[in-house]
Amino acid sequence: MNALQGELVKRGLDCAIFMTNEDPNPNLFYFTGYKGAGFLVIPANGKAVLHVPSRDLSEAKLIKGLSLSSGKKLTESLAEFGINTKKVGVDFVNTSVTDFNMLKEKFGCELFDISCFMDQLRAIKRKDEVMKIRKACKITDKIIGKFVDNFSKFKTEQEAAAFLVYETRKLGCVESFEPIVATGANAAVPHHAPSGKIKAGFCVVDFGIKYEGYCSDVTRTFYFGKPTAEEQKNYYDLLKEQETAIGLVKPGKIIGELCVQAEKNLKQKLIHSLGHGLGIEVHEFPYVSTSSKTVLKEGMVITIEPGEYIEGKYGIRIEDDVLVTKKGSEVLSKFSKKLICL
Ligand code: GLY
Ligand code: MN
């Protein structure tokens, strides 16, 4: 919050306002850990105010270091706290057009985008955030292990995906996105929605959870049946390229250059980006693609997930979550990458 307040002062803004209606605003969560509806108002100087509907007041009361406001109009409350709202920083990316217009037209605020600043701030994870992502990865590894052990019981991709959901919920966590289980030719579709009977061949499992609001995102490709020598070669070639790409992750590396170098080694042109930033959101800044000019810094967490997709035939993808450390990187997702036959 201090960093944001410094930015507000630098830009001559009175305050920043973050809003959550239906979809949680990840920046509001970042500052507070609060998941309910409401407005977080951070003045350039002084204490932040969390303004919430009465139904969410008990949850909001758990948050320390803020002034709480409820049961009155936001404008009245801000006037009471003496917060000026003439020039307001808003994260345009997470703000609905309705809220945007309300601030502009009803409240008469002049609005300035602070999305990029928030992206940069959140990209460098604090130690406690890294700890949560690390824990999310550890739980994910454990559930994938159970998935492998139980695979013979699944008849359909939906059943297999439901197992991942059930194991996640049993531990009091939630999935970071709808799990992907793609078998046979379905594996050639990167975001395949589980459907139909489990088919022989490569089986792509792309799965992640949220631990205390922080995501993991891991992909492993297994084989249902017995792979041919050529299939084994295809798998291990891709694994080699994935590990080469991870080897390029270090502070000071320009992400675009990393992607160009990594993608040059792949057999075919990648049909999605090599990876993405990971944190409160499963896809967040920095984006790991060839056009990125962002420089990797210690504390960033990114995924590296090359894939090979042959339409109508098969697909292979291997994804790890990687922390940029002082001198290089640490892979947080540790489940085996040997080609396991299910
Ligand atoms: N794990 C899904 C994705 O990164 O798109
Ligand atoms: Mn991913």
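Every number for a ligand or one of its atoms is a count from 1 in the order of the listing.
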> At the Mn ion (ligand 2), what's the angle from Glu319 OE2 to Glu305 OE2, rounded to 10 degrees?
Replying inline: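 For OE2 of Glu319 and OE2 of Glu305, the angle centred on the Mn ion (ligand 2) reads 80°.
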> Parallel, tilted or perpendicular: which fits the ring planes of Phe202 and Tyr223, with parallel below 30° and perpendicular above 60°?
Replying inline: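 Phe202 and Tyr223: perpendicular rings.
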> How are the rings of His283 and His276 set to each other: parallel, tilted or perpendicular (split at 30° and 60°)?
Replying inline: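 His283 vs His276 ring planes: perpendicular.
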So which protein heavy atom does [atom] come closest to, and at what separation?
atom                   : result
atom 2 (C) of ligand 1 : Asp206 OD2, 3.3 Å
atom 3 (C) of ligand 1 : His283 NE2, 3.1 Å
atom 1 (N) of ligand 1 : Asp217 OD1, 2.7 Å

> Would you call Glu298 and Lys327 a salt bridge, using N to O less than 4.0 angstrom?
Replying inline: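 Not counted as a salt bridge, because no side-chain N and carboxylate O are separated by less than 4.0 Å.
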> Can a salt bridge be assigned to the pair Lys233 and Glu308 using a cut-off of 4.0 Å between side-chain N and carboxylate O?
Replying inline: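 No, this pair does not count.
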>> Which atom name would you report as the N, O or S atom of Asp217 nearest the Mn ion (ligand 2)?
In response: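 Atom name of the closest N, O or S in Asp217: OD2.
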> Would the number of heavy atoms belonging to other residues, nucleotides or ligands and lying under 6.0 Å from NZ of Lys267 be above 12?
Replying inline: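 More than 12 within 6.0 Å, yes.
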>> Does Lys170 have more than 12 heavy atoms from other residues, nucleotides or ligands lying within 6.0 Å of its NZ?
In response: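 Atom NZ in Lys170 is crowded, with more than 12 foreign heavy atoms closer than 6.0 Å.
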> Is ligand 1 less than 4.0 angstrom away from at least one heavy atom of His272?
Replying inline: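 So His272 does not count as touching ligand 1.
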> What pair of heavy atoms forms the shortest contact from Phe147 to Ala160, and how long is it?
Replying inline: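 Of all heavy-atom pairs spanning Phe147 and Ala160, the closest is CE1-O, 3.6 Å.
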>> Residue-level breakdown please: for His191 versus ligand 1, do any non-hydrogen atoms fall below 4.0 Å on the side chain, on the backbone, on both, or on neither?
In response: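 Under 4.0 Å from ligand 1, His191 contributes side-chain atoms alone.
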> Measuring to the Mn ion (ligand 2), does His276 have an N/O/S atom at a distance below 2.8 Å?
Replying inline: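 Within the cut-off used here (under 2.8 Å), His276 does place an N, O or S atom near the Mn ion (ligand 2).
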>> Under a 4.0 angstrom heavy-atom cut-off, which atoms of ligand 1 come close to Phe177?
In response: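 Reading through ligand 1 atom by atom, the close ones are 1 (N).
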